[in-house]
Amino acid sequence: MDREDLGRSLDTGTVMYGVFGHPIGHSKSPLMLNEAFRATGLNAAYAAYSIVPGTLGEAVRGIRALGFRGINVTVPHKLEVMEYLDELDDTARRIGAVNTVVNDGGRLIGYNTDGIGYVRSLKEETGFAPSGKRIVLIGAGGAARGIGFALAQEGPSSLIIANRSADKAAQLANDLSSFAKSRGIPLADAAEELASADLIVNTTLVGMHPHVQEVPIDPSVLRSGQLVSDIVYTPRETLLLKEAKARGAAVHGGLGMFIYQGAYAFEYWTGKSAPVDAMRRIVEESL
Ligand code: ATR
(Lines give C-alpha, C1' and ligand atoms only; values in the text may rest on other atoms or scores of the structure.)
Protein backbone atom coordinates (compact mmCIF):
# COMPACT_ATOMS: atom_id res chain seq x y z
CA MET A 1 0.00 0.00 0.00
CA ASP A 2 1.42 3.45 -0.79
CA ARG A 3 1.08 6.37 1.60
CA GLU A 4 -1.93 7.83 -0.18
CA ASP A 5 -3.85 4.58 0.20
CA LEU A 6 -2.86 4.31 3.86
CA GLY A 7 -4.23 7.81 4.54
CA ARG A 8 -7.53 6.92 2.91
CA SER A 9 -7.86 3.66 4.83
CA LEU A 10 -7.69 5.34 8.27
CA ASP A 11 -11.13 6.10 9.67
CA THR A 12 -12.99 6.37 12.96
CA GLY A 13 -12.83 2.61 13.39
CA THR A 14 -9.03 2.33 13.03
CA VAL A 15 -7.41 0.68 16.05
CA MET A 16 -4.14 2.39 16.99
CA TYR A 17 -0.81 0.87 17.96
CA GLY A 18 2.76 2.11 18.23
CA VAL A 19 6.26 1.81 19.60
CA PHE A 20 7.69 4.00 22.39
CA GLY A 21 11.45 4.54 22.31
CA HIS A 22 14.18 7.16 22.17
CA PRO A 23 15.68 7.47 19.64
CA ILE A 24 13.16 5.70 17.44
CA GLY A 25 14.02 6.97 13.94
CA HIS A 26 15.54 3.71 12.68
CA SER A 27 12.85 1.34 13.98
CA LYS A 28 11.54 -1.18 11.46
CA SER A 29 8.54 -1.96 13.68
CA PRO A 30 6.06 0.44 11.98
CA LEU A 31 6.91 -1.01 8.56
CA MET A 32 6.60 -4.59 9.85
CA LEU A 33 3.40 -4.22 11.91
CA ASN A 34 1.53 -2.12 9.34
CA GLU A 35 2.32 -4.84 6.80
CA ALA A 36 0.97 -7.42 9.27
CA PHE A 37 -2.30 -5.46 9.64
CA ARG A 38 -2.56 -5.06 5.87
CA ALA A 39 -1.89 -8.76 5.22
CA THR A 40 -4.57 -9.84 7.73
CA GLY A 41 -7.11 -7.20 6.63
CA LEU A 42 -7.31 -5.52 10.04
CA ASN A 43 -8.36 -1.87 10.28
CA ALA A 44 -5.38 -0.88 12.41
CA ALA A 45 -2.33 1.39 12.22
CA TYR A 46 1.04 1.51 13.96
CA ALA A 47 3.34 4.53 14.39
CA ALA A 48 6.66 5.31 16.10
CA TYR A 49 6.68 7.67 19.08
CA SER A 50 9.86 9.35 20.26
CA ILE A 51 9.28 9.43 24.02
CA VAL A 52 11.86 11.63 25.74
CA PRO A 53 13.15 10.17 29.03
CA GLY A 54 11.16 11.67 31.90
CA THR A 55 7.86 11.67 29.99
CA LEU A 56 7.21 7.93 29.80
CA GLY A 57 4.58 7.94 32.58
CA GLU A 58 2.49 10.54 30.73
CA ALA A 59 2.88 8.64 27.47
CA VAL A 60 1.69 5.38 29.07
CA ARG A 61 -1.34 7.09 30.63
CA GLY A 62 -2.06 8.33 27.10
CA ILE A 63 -2.47 4.72 25.92
CA ARG A 64 -5.57 4.46 28.12
CA ALA A 65 -6.85 7.95 27.39
CA LEU A 66 -6.53 7.54 23.62
CA GLY A 67 -7.73 3.95 23.54
CA PHE A 68 -4.65 2.44 21.90
CA ARG A 69 -4.92 -1.35 21.85
CA GLY A 70 -1.21 -1.99 22.18
CA ILE A 71 2.29 -0.61 22.37
CA ASN A 72 5.77 -1.96 21.90
CA VAL A 73 8.42 -0.54 24.19
CA THR A 74 12.07 -0.30 23.28
CA VAL A 75 15.34 1.26 24.46
CA PRO A 76 15.60 3.01 26.95
CA HIS A 77 12.11 2.39 28.39
CA LYS A 78 11.78 -1.42 28.79
CA LEU A 79 12.44 -1.36 32.56
CA GLU A 80 10.82 1.92 33.64
CA VAL A 81 7.56 1.16 31.80
CA MET A 82 6.80 -1.58 34.35
CA GLU A 83 6.08 1.11 37.01
CA TYR A 84 3.10 2.41 35.03
CA LEU A 85 1.35 -0.87 34.16
CA ASP A 86 -1.53 -2.58 35.99
CA GLU A 87 -0.25 -6.13 35.59
CA LEU A 88 2.83 -8.06 34.42
CA ASP A 89 2.74 -11.56 33.03
CA ASP A 90 5.06 -14.06 34.77
CA THR A 91 7.68 -14.10 32.04
CA ALA A 92 8.00 -10.30 31.94
CA ARG A 93 8.25 -10.20 35.74
CA ARG A 94 11.01 -12.81 35.81
CA ILE A 95 12.94 -11.15 33.00
CA GLY A 96 12.43 -7.74 34.62
CA ALA A 97 11.61 -5.99 31.34
CA VAL A 98 8.57 -5.34 29.14
CA ASN A 99 8.57 -4.89 25.36
CA THR A 100 4.83 -5.32 24.69
CA VAL A 101 1.80 -3.72 26.39
CA VAL A 102 -1.77 -4.89 25.83
CA ASN A 103 -4.59 -2.46 26.71
CA ASP A 104 -7.37 -4.74 27.90
CA GLY A 105 -10.29 -2.32 28.27
CA GLY A 106 -8.20 0.23 30.17
CA ARG A 107 -6.14 -2.35 32.08
CA LEU A 108 -2.51 -2.27 30.88
CA ILE A 109 -0.74 -5.64 30.88
CA GLY A 110 3.01 -6.01 30.23
CA TYR A 111 4.59 -8.90 28.33
CA ASN A 112 8.07 -9.69 27.09
CA THR A 113 8.20 -11.32 23.65
CA ASP A 114 11.96 -10.96 23.00
CA GLY A 115 13.02 -14.30 24.50
CA ILE A 116 10.13 -16.38 23.15
CA GLY A 117 10.61 -14.63 19.79
CA TYR A 118 14.24 -15.69 19.85
CA VAL A 119 13.44 -19.33 20.62
CA ARG A 120 10.72 -19.53 17.95
CA SER A 121 13.16 -18.10 15.38
CA LEU A 122 15.90 -20.51 16.48
CA LYS A 123 13.67 -23.58 16.19
CA GLU A 124 11.90 -22.62 12.96
CA GLU A 125 14.99 -21.37 11.12
CA THR A 126 17.54 -23.98 12.24
CA GLY A 127 15.53 -26.96 13.54
CA PHE A 128 17.69 -26.89 16.70
CA ALA A 129 16.01 -28.54 19.71
CA PRO A 130 17.45 -27.00 22.93
CA SER A 131 16.32 -29.91 25.13
CA GLY A 132 19.30 -31.78 26.60
CA LYS A 133 21.82 -29.46 24.92
CA ARG A 134 24.78 -27.53 26.31
CA ILE A 135 24.14 -23.83 25.77
CA VAL A 136 26.43 -20.84 26.35
CA LEU A 137 25.07 -17.29 26.33
CA ILE A 138 27.57 -14.47 25.77
CA GLY A 139 26.43 -11.40 27.74
CA ALA A 140 24.22 -10.87 30.78
CA GLY A 141 22.24 -7.72 29.91
CA GLY A 142 18.57 -7.25 29.08
CA ALA A 143 18.69 -9.30 25.89
CA ALA A 144 20.47 -12.17 27.68
CA ARG A 145 17.80 -12.18 30.42
CA GLY A 146 14.96 -12.56 27.90
CA ILE A 147 16.73 -15.26 25.90
CA GLY A 148 18.03 -17.00 29.02
CA PHE A 149 14.57 -17.38 30.59
CA ALA A 150 13.06 -18.59 27.31
CA LEU A 151 15.84 -21.15 26.70
CA ALA A 152 15.72 -22.30 30.34
CA GLN A 153 12.09 -23.43 29.78
CA GLU A 154 13.30 -25.73 26.97
CA GLY A 155 15.20 -28.11 29.26
CA PRO A 156 18.85 -27.64 28.21
CA SER A 157 21.39 -29.88 30.02
CA SER A 158 23.33 -26.73 30.97
CA LEU A 159 22.95 -22.99 30.47
CA ILE A 160 26.23 -21.14 31.00
CA ILE A 161 26.28 -17.33 31.17
CA ALA A 162 29.64 -15.99 30.00
CA ASN A 163 29.93 -12.25 30.59
CA ARG A 164 32.68 -9.66 30.58
CA SER A 165 31.78 -8.68 34.16
CA ALA A 166 31.59 -11.87 36.18
CA ASP A 167 29.21 -10.51 38.85
CA LYS A 168 26.45 -9.92 36.30
CA ALA A 169 26.99 -13.41 34.89
CA ALA A 170 26.62 -14.90 38.37
CA GLN A 171 23.51 -12.85 39.08
CA LEU A 172 21.70 -13.94 35.90
CA ALA A 173 22.77 -17.58 36.37
CA ASN A 174 21.38 -17.44 39.89
CA ASP A 175 18.06 -16.03 38.65
CA LEU A 176 17.85 -18.82 36.04
CA SER A 177 18.86 -21.62 38.36
CA SER A 178 15.34 -22.60 39.44
CA PHE A 179 14.51 -23.32 35.77
CA ALA A 180 17.76 -24.81 34.40
CA LYS A 181 21.22 -25.95 35.47
CA SER A 182 22.88 -22.58 35.15
CA ARG A 183 26.31 -21.14 35.99
CA GLY A 184 27.94 -17.77 35.46
CA ILE A 185 31.56 -17.45 34.31
CA PRO A 186 33.84 -14.59 33.21
CA LEU A 187 33.92 -14.29 29.41
CA ALA A 188 37.72 -14.24 29.52
CA ASP A 189 37.74 -17.78 31.00
CA ALA A 190 35.03 -19.25 28.76
CA ALA A 191 37.17 -21.00 26.10
CA GLU A 192 36.57 -24.53 27.39
CA GLU A 193 32.81 -24.04 27.83
CA LEU A 194 32.55 -22.44 24.39
CA ALA A 195 34.46 -25.31 22.77
CA SER A 196 32.14 -27.94 24.26
CA ALA A 197 28.84 -26.07 23.68
CA ASP A 198 26.15 -27.27 21.27
CA LEU A 199 24.70 -23.76 20.96
CA ILE A 200 26.48 -20.44 21.49
CA VAL A 201 24.38 -17.27 21.50
CA ASN A 202 25.86 -13.78 21.27
CA THR A 203 23.38 -11.55 23.14
CA THR A 204 25.67 -8.48 23.10
CA LEU A 205 25.74 -5.87 20.35
CA VAL A 206 29.44 -6.51 19.65
CA GLY A 207 29.81 -6.75 15.85
CA MET A 208 26.82 -4.54 15.05
CA HIS A 209 27.16 -1.89 12.35
CA PRO A 210 29.37 0.20 12.28
CA HIS A 211 31.66 -2.01 14.42
CA VAL A 212 31.51 -4.87 11.95
CA GLN A 213 35.13 -5.97 12.55
CA GLU A 214 34.51 -6.83 16.22
CA VAL A 215 33.81 -10.27 17.68
CA PRO A 216 32.77 -11.00 21.31
CA ILE A 217 34.96 -14.15 21.61
CA ASP A 218 38.08 -15.66 20.06
CA PRO A 219 36.53 -17.59 17.14
CA SER A 220 39.31 -20.21 17.13
CA VAL A 221 37.30 -22.26 19.68
CA LEU A 222 34.40 -22.73 17.20
CA ARG A 223 34.00 -26.02 15.32
CA SER A 224 31.68 -28.09 13.17
CA GLY A 225 28.78 -29.68 15.03
CA GLN A 226 28.05 -26.42 16.83
CA LEU A 227 25.33 -23.87 16.16
CA VAL A 228 26.41 -20.24 16.57
CA SER A 229 23.64 -17.68 16.91
CA ASP A 230 23.85 -13.88 16.97
CA ILE A 231 21.08 -11.44 17.93
CA VAL A 232 22.69 -8.74 15.76
CA TYR A 233 21.10 -8.40 12.30
CA THR A 234 22.87 -5.35 10.91
CA PRO A 235 24.90 -6.77 9.21
CA ARG A 236 22.80 -9.85 8.44
CA GLU A 237 25.95 -11.96 8.87
CA THR A 238 28.24 -10.68 11.62
CA LEU A 239 31.97 -11.40 11.71
CA LEU A 240 31.24 -13.94 14.47
CA LEU A 241 28.92 -15.85 12.13
CA LYS A 242 31.39 -15.61 9.22
CA GLU A 243 34.16 -17.03 11.44
CA ALA A 244 31.83 -19.77 12.69
CA LYS A 245 30.87 -20.77 9.14
CA ALA A 246 34.52 -20.83 8.06
CA ARG A 247 35.13 -23.41 10.82
CA GLY A 248 32.21 -25.59 9.75
CA ALA A 249 29.67 -24.51 12.40
CA ALA A 250 26.01 -23.87 11.57
CA VAL A 251 24.86 -20.26 11.99
CA HIS A 252 21.68 -18.38 12.91
CA GLY A 253 21.32 -14.59 12.42
CA GLY A 254 19.34 -12.09 14.51
CA LEU A 255 16.66 -10.97 12.06
CA GLY A 256 14.26 -13.77 12.99
CA MET A 257 14.25 -12.71 16.66
CA PHE A 258 13.09 -9.25 15.61
CA ILE A 259 10.40 -10.68 13.31
CA TYR A 260 9.05 -13.14 15.90
CA GLN A 261 9.07 -10.71 18.86
CA GLY A 262 6.78 -8.61 16.65
CA ALA A 263 4.75 -11.65 15.62
CA TYR A 264 4.05 -12.56 19.27
CA ALA A 265 3.10 -8.94 20.03
CA PHE A 266 0.69 -9.00 17.06
CA GLU A 267 -0.82 -12.26 18.36
CA TYR A 268 -1.26 -10.91 21.92
CA TRP A 269 -2.98 -7.78 20.59
CA THR A 270 -5.22 -9.30 17.91
CA GLY A 271 -5.69 -12.97 18.84
CA LYS A 272 -4.85 -13.85 15.22
CA SER A 273 -1.84 -15.76 13.86
CA ALA A 274 0.81 -13.34 12.66
CA PRO A 275 1.52 -13.27 8.88
CA VAL A 276 5.19 -14.02 9.53
CA ASP A 277 6.23 -14.46 5.88
CA ALA A 278 4.81 -11.09 4.85
CA MET A 279 6.42 -9.44 7.89
CA ARG A 280 9.81 -10.97 7.08
CA ARG A 281 9.59 -10.08 3.40
CA ILE A 282 8.95 -6.38 3.98
CA VAL A 283 11.72 -6.06 6.59
CA GLU A 284 14.23 -7.92 4.38
CA GLU A 285 13.38 -5.65 1.46
CA SER A 286 14.09 -2.60 3.59
CA LEU A 287 17.54 -3.74 4.80
P1 ATR B 1 21.08 -5.28 26.23
O2 ATR B 1 19.76 -4.87 26.83
O3 ATR B 1 21.19 -5.01 24.76
O4 ATR B 1 21.46 -6.68 26.58
P5 ATR B 1 22.79 -4.19 28.29
O6 ATR B 1 21.80 -4.56 29.32
O7 ATR B 1 23.47 -2.87 28.36
O8 ATR B 1 22.16 -4.25 26.83
O9 ATR B 1 23.91 -5.36 28.23
C10 ATR B 1 24.97 -5.33 27.35
C11 ATR B 1 25.73 -6.64 27.46
O12 ATR B 1 26.77 -6.65 26.47
C13 ATR B 1 26.42 -6.85 28.79
O14 ATR B 1 26.44 -8.22 29.09
C15 ATR B 1 27.84 -6.34 28.50
O16 ATR B 1 28.82 -6.86 29.34
P17 ATR B 1 29.11 -6.16 30.80
O18 ATR B 1 28.00 -6.66 31.71
O19 ATR B 1 30.43 -6.69 31.20
O20 ATR B 1 29.08 -4.69 30.57
C21 ATR B 1 28.02 -6.85 27.11
N22 ATR B 1 29.05 -6.14 26.36
C23 ATR B 1 29.00 -4.87 25.90
N24 ATR B 1 30.13 -4.56 25.24
C25 ATR B 1 30.93 -5.65 25.29
C26 ATR B 1 32.22 -5.98 24.78
N27 ATR B 1 32.94 -5.08 24.08
N28 ATR B 1 32.71 -7.23 25.00
C29 ATR B 1 31.98 -8.12 25.69
N30 ATR B 1 30.76 -7.88 26.21
C31 ATR B 1 30.23 -6.67 26.01
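As the structure lists them, so they are numbered: ligands from 1, and atoms in each ligand from 1. Worth saying up front: this structure is predicted, and the values here are computed from it rather than measured. Each residue takes its place number in the sequence, starting with 1.
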Which pairs of donor and acceptor atoms, one on a side chain in residues 248-256, lie under 3.5 Å apart (sequence neighbours left out)?
{"unit_1": "H252", "atom_1": "ND1", "unit_2": "S229", "atom_2": "OG", "d": "2.9"}
{"unit_1": "H252", "atom_1": "NE2", "unit_2": "S121", "atom_2": "OG", "d": "2.8"}
{"unit_1": "H252", "atom_1": "NE2", "unit_2": "E125", "atom_2": "OE1", "d": "3.3"}

Inset, instruction - State plainly whether the residues E154 and K133 are in salt-bridge range, i.e. N to O under 4.0 Å. - result: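 No, E154 and K133 are not salt-bridged.
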
Protein contact of [atom] - nearest heavy atom, named by residue and atom, plus distance:
atom: atom 10 (C) of ligand 1; result: G141 CA, 4.4 Å
atom: atom 6 (O) of ligand 1; result: G142 N, 3.1 Å
atom: atom 21 (C) of ligand 1; result: T204 CG2, 3.5 Å
atom: atom 16 (O) of ligand 1; result: N163 OD1, 3.2 Å
atom: atom 20 (O) of ligand 1; result: R164 NH2, 2.9 Å

Inset, instruction - Give a yes or no on whether the ring-centroid distance for Y118 and Y260 is below 6.0 angstrom. - result: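 No.
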
Legend entry - Ring center gap for F37 and Y17 short of 6.0 angstrom: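 Between Y17 and F37, which both carry aromatic rings, the centre distance is below 6.0 Å.
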
Atoms of ligand 1, numbered as shown, that sit under 4.0 Å from any heavy atom of [X]:
X: A143; answer: 1 (P), 2 (O), 4 (O)
X: G139; answer: 14 (O)
X: S165; answer: 17 (P), 18 (O), 19 (O)
X: A140; answer: 14 (O)

Inset, instruction - Return yes if a side-chain donor-acceptor contact under 3.5 Å exists between D167 and Q171, otherwise no. - result: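 Q171 and D167 do not have a side-chain donor-acceptor pair below 3.5 Å.
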
Legend entry - Test item: side-chain donor near acceptor, N72 and N99, under 3.5 Å: no

Inset, instruction - Please tell me if the side chains of V228 and L222 come closer than 4.5 Å, counting only heavy atoms from C-beta onward. - result: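 A side-chain contact under 4.5 Å exists here.
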
Inset, instruction - Report the part of K168 (side chain from C-beta onward, or backbone N, CA, C, O) that has a heavy atom under 4.0 Å from ligand 1; answer both or neither where that applies. - result: side chain

Legend entry - side-chain contact (heavy atoms from CB on, under 4.5 Å) evaluation trace for T74 with K78: CA-CA 6 Å; T74 187; K78 288 186 185 187; 4.2 Å; yes

Legend entry - atom 14 (O) of ligand 1 touched by protein heavy atom at under 4.0 Å: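 Yes; the ligand atom in question has protein heavy-atom contact below 4.0 Å.
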
